[in-house]
Each structure stands twice: as C-alpha cells, then as structure tokens.
Amino acid sequence: MSPGGRIDPADHLARPWRVHALAAAEGLALHDVWEVATPLPAGVPLARWVEAFRGERWSAATRALLAIRWWLGRRFGWGRGRAGFVPIYQEPEEQLSRIENRTVTGFLHLSLVERRPRLAVYVRPHGGLGRAYMRLIEPFRRRVVYPALLAAGARAVRRLAPR
C-alpha cells in the first residue's frame, strides 16, 4: 500500500480553509500539498489522527536530515526566532501551526478531505538566504522528508483503526 502522494495545489486552494486568508496576510505561498493514502476510520476526528501522527517515529534518514539542519541552524544562527511549530488554530477539519526563523516563515496546515489526512506547507523565504535554503533542501524534502511523513501518517491511521 502506498503511503500517499502529492496533491494538485489547485484542489487545496479551492477549499474554504481559513489558512488561505492568514497565508495571504503574511505573504506566504502554498509550497506543497501531500495526502495520506489511507483514509481515517469513520468517527475518528482529525485531532485524534494528529495526536497519533505526532507520536510516530520518523525514518532514520529524516531524523538525520533534521539533525543536520538543527546543527547548521545553531552554527550559523538560522534558528533565531521561535523554536519549533507554534499552534495557531484547531478546528474539526483543519489545524494550523506556524514556524519562523532566519530562513523562512512557514505554515503547516493539516486537514481532512474525504477522510484522508493532508499536509500543506506554506512558505515565505527570508531574503536571499531563505531562497537559497529552500532550493537546497527541496530534493531532500520531496524524496526523503515528505514520504517519511506520509508513511508515519499512514501508520497513525492504522493504529486508530478498530481491531
């Protein structure tokens, strides 16, 4: 079973999510939308999936990439600003968290569409450093990080399925 895949951004933008207005107000653009292939069981709310998802272990490759990013961030001061993602709002069908540092301001939007969890990323790079950083990490995000997150999301769905 596939852990999910990339979704056409137009589908995400056509939905009446609150995030659209907040992203526009902050100058963030939709960067990616990915969907977990496994639908949530009936009656399981998005918030419960998010809780299970956060409890999943990430792949070794993803953990290594994040460790390198955190090390570089400390070394070069890229991490200045808020530490980690800060929750903005939580509704039955969508949740939004925000991160800001010297390289980017970003939103992580988690939503539920036809019982399938989705992850959308909105980004505003900070100057030349932010644009260079986004170009540098792009292949790693698409080939390592997002597939690992989708696999973790699918495992979380399976853990929530009635036995």
Side-chain angles (χ1 to χ4, degrees), residues 1-59 61-63 65-66 69 81-101 103-126 130 133-134 137-163:
M1 177 180 292
S2 167
R6 196 160 185 221
I7 298 296
D8 180 359
D11 182 75
H12 180 78
L13 293 170
R15 297 185 183 276
W17 303 124
R18 281 181 58 192
V19 66
H20 303 315
L22 295 171
E26 290 203 38
L28 279 75
L30 181 61
H31 192 71
D32 269 319
V33 184
W34 296 74
E35 182 175 80
V36 175
T38 312
L40 280 179
V44 174
L46 177 65
R48 197 155 150 229
W49 174 80
V50 170
E51 183 179 318
F53 176 60
R54 288 185 176 142
E56 285 294 325
R57 187 169 168 88
W58 291 7
S59 71
T62 300
R63 289 191 316 270
L65 286 171
L66 290 174
R69 168 54 176 99
R82 292 195 183 124
F85 282 95
V86 176
I88 302 298
Y89 66 81
Q90 178 178 333
E91 294 185 357
E93 300 294 314
E94 64 174 317
Q95 293 187 17
L96 182 65
S97 297
R98 182 178 195 276
I99 191 167
E100 184 168 5
N101 55 46
T103 56
V104 299
T105 297
F107 284 168
L108 174 60
H109 182 255
L110 303 174
S111 61
L112 197 55
V113 175
E114 297 172 5
R115 306 295 310 148
R116 293 183 192 279
R118 287 189 179 181
L119 298 86
V121 176
Y122 292 76
V123 177
R124 183 184 73 229
H126 293 182
Y133 172 74
M134 290 302 294
I137 69 167
E138 186 70 17
F140 300 103
R141 287 180 337 108
R142 288 189 189 249
R143 292 189 185 106
V144 178
V145 176
Y146 287 141
L149 290 176
L150 293 174
R155 288 192 306 273
V157 168
R158 288 192 296 276
R159 280 195 4 232
L160 296 170
R163 296 174 198 248

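Remember, it's a predicted structure, so these values are computed and weren't measured experimentally.
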Show your reasoning for whether side chain to side chain donor-acceptor pair (under 3.5 Å) applies to R118 and S111. CA-CA 5 Å; R118 287 189 179 181; S111 61; 5.5 Å; no
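- The CG atom of L149 sits 8.5 Å away from the CG atom of L108 when rounded to the nearest 0.5 Å.
- Judged by distance alone, with hydrogens and angles left aside, the side-chain atoms of R124 form a donor-acceptor pair with the main-chain N or O of E26 at under 3.5 Å.
- A 4.5 Å side-chain heavy-atom check between V50 and Q90 finds every atom pair outside the cut-off.
- Rounding to the nearest 0.5 angstrom, the gap separating the CG atom in L13 from the CG atom in L30 is 5.0 Å.
- Classified by interplanar angle (parallel below 30°, tilted 30° to 60°, perpendicular above 60°), the ring pair W34/Y146 is tilted.
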Determine, step by step, whether E51 and R48 satisfy the salt bridge (Lys or Arg N to Asp or Glu O under 4.0 Å) criterion, reporting the C-alpha distance in whole Å, the side-chain angles of both residues, the deciding distance to 0.1 Å, and the verdict. CA-CA 5 Å; E51 183 179 318; R48 197 155 150 229; over 6 Å; no
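- Of the charged side-chain nitrogens involved, none lies within less than 4.0 Å of a carboxylate oxygen, so that E94 and R15 do not count as a salt-bridged pair.
- L119 places a side-chain heavy atom less than 4.5 Å from the side chain of F53.
- In this structure, L96 CG and F85 CZ are separated by 10.0 Å, a value rounded to the nearest 0.5 Å.
- Rounding to the nearest 0.5 Å places OH of Y89 at 4.0 Å from NE2 of H109.
- Of all non-hydrogen atoms in L160 and W49, the two that sit nearest each other are CD1-CA, 3.6 Å.
- Looking at every heavy atom in both residues, A154 comes nearest to T38 through CB-OG1, 3.9 Å.
- Taking a 6.0 Å sphere around CZ of R143, one finds it holds 12 or fewer heavy atoms contributed by other residues, nucleotides or ligands.
- The nearest pair of heavy atoms linking W17 to E93 is CZ3-O, 3.4 Å.
- Here L46 contributes atom CG and E91 contributes atom CD; the two are 10.5 Å apart, rounded to the nearest 0.5 Å.
- The closest donor-acceptor contact from the side chain of R63 to the backbone of R57 lies at 3.5 Å or more, if one exists at all.
- Between V104 and M134, some side-chain heavy-atom pair lies under the 4.5 Å cut-off.
- L110 places none of its side-chain heavy atoms less than 4.5 Å from the side chain of P117.
- Of all heavy-atom pairs spanning P41 and R115, the tightest one is O-NH2, 2.7 Å.
- Interatomic distance, I88 CD1 to R18 CZ, rounded to the nearest 0.5 Å: 9.5 Å.
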Criterion side chain to side chain contact (heavy atoms under 4.5 Å, CB included) on L22 and R98, from CA distance to verdict: CA-CA 11 Å; L22 295 171; R98 182 178 195 276; over 6 Å; no
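- Summarising the geometry of H31 relative to V123, their closest heavy-atom pair is CB-CG2, 4.1 Å, with the distance given to 0.1 Å.
- Within the 3.5 Å criterion, the main-chain N or O of A24 finds no donor-acceptor partner in the side chain of Y122.
- Taking every heavy atom of both residues into account, G153 and V36 meet most closely at C-CG1, 3.9 Å.
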